[in-house]
Amino acid sequence: LGWEEESPFDAIVVSAGSPEIPPPLMRQLVDGGRLIIPVGDRDSQILKKVVRKGESFEKCNLSGCIFVKLVGDYGWKQ
């Protein structure tokens with residue numbers, strides 16, 4: 001869920017694969033801030049870059065990857 005009390009952040013790097021981009025992390029970016037996160041299924045993800053542009057977000061794919069799975073509210077249930 002990030003660290004809302006200390007936000008906003010210039011950059012956030014997530015080092016576990018997620019089935020989706022967690023909205024709380026996107027909200028914690030400063031305008032122009034970047035989020036790097038692996039998104040996909042348990043066995044294969046795409047490394048994505050998200051840049052905050054005011055109230056919108058620009059997303060692009062960087063490369064294929066495989067990370068350990070994210071657990072918790074925005075990760076996979078056991």
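Remember, it's a predicted structure, so these values are computed and weren't measured experimentally.
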- Message: Return the CG to CE distance between Leu35 and Met26, rounded to the nearest 0.5 Å.
- Response: 8.0 Å
- Query: Between CD1 of Ile37 and OH of Tyr74, what distance do you get to the nearest 0.5 Å?
  - Reply: 11.5 Å
- Item | Side-chain heavy-atom pair Val39, Gln45 within 4.5 angstrom cut-off | no
- Does Lys49 reach the side chain of Lys59, with side-chain heavy atoms less than 4.5 Å apart? no
- Taken to the nearest 0.5 Å, the spacing of Leu29 CG from Phe57 CZ works out to 6.5 Å
- Message: Is any side-chain heavy atom of Arg34 closer than 4.5 Å to one of Val50?
- Response: no
- Item | From Asp31 atom CG to Asp10 atom CG, the distance as rounded to the nearest 0.5 Å | 11.0 Å
- Message: Donor-acceptor check, side chain of Gln28 to backbone of Trp3, threshold 3.5 angstrom: yes or no?
- Response: yes
- Non-neighbouring partners of Ile66 that pass side chain to side chain contact (heavy atoms under 4.5 Å, CB included), sequence neighbours left out: none
- Query: At their closest point, which heavy atom of Ala16 faces which heavy atom of Pro38, and how far apart are they?
  - Reply: O-CG, 3.5 Å
- Task: Kindly compute the distance separating CD1 (Ile46) from SG (Cys60), expressed to the nearest 0.5 Å.
- Result: 11.5 Å
- Query: Is there a chain of hydrophobic side chains (I, L, V, M, F, W, Y, each step under 4.5 Å between heavy atoms) that links Ile36 to Phe67?
  - Reply: yes
- Between Arg27 and Arg52, which heavy-atom pair has the shortest distance, and what is it? O-NH1, 3.1 Å
- Side chain to side chain, Glu4 and Ser7, heavy atoms closer than 4.5 Å: yes
- Query: Do Ile21 and Val14 share a hydrophobic cluster (ILVMFWY, side-chain heavy atoms under 4.5 Å, transitive)?
  - Reply: yes
- Query: Do you know which two heavy atoms are closest between Leu1 and Pro24, and how far apart they sit?
  - Reply: O-CB, 3.9 Å
- Please round to the nearest 0.5 Å and tell me the distance separating atom CG of Leu25 and atom CZ of Phe9. 9.5 Å
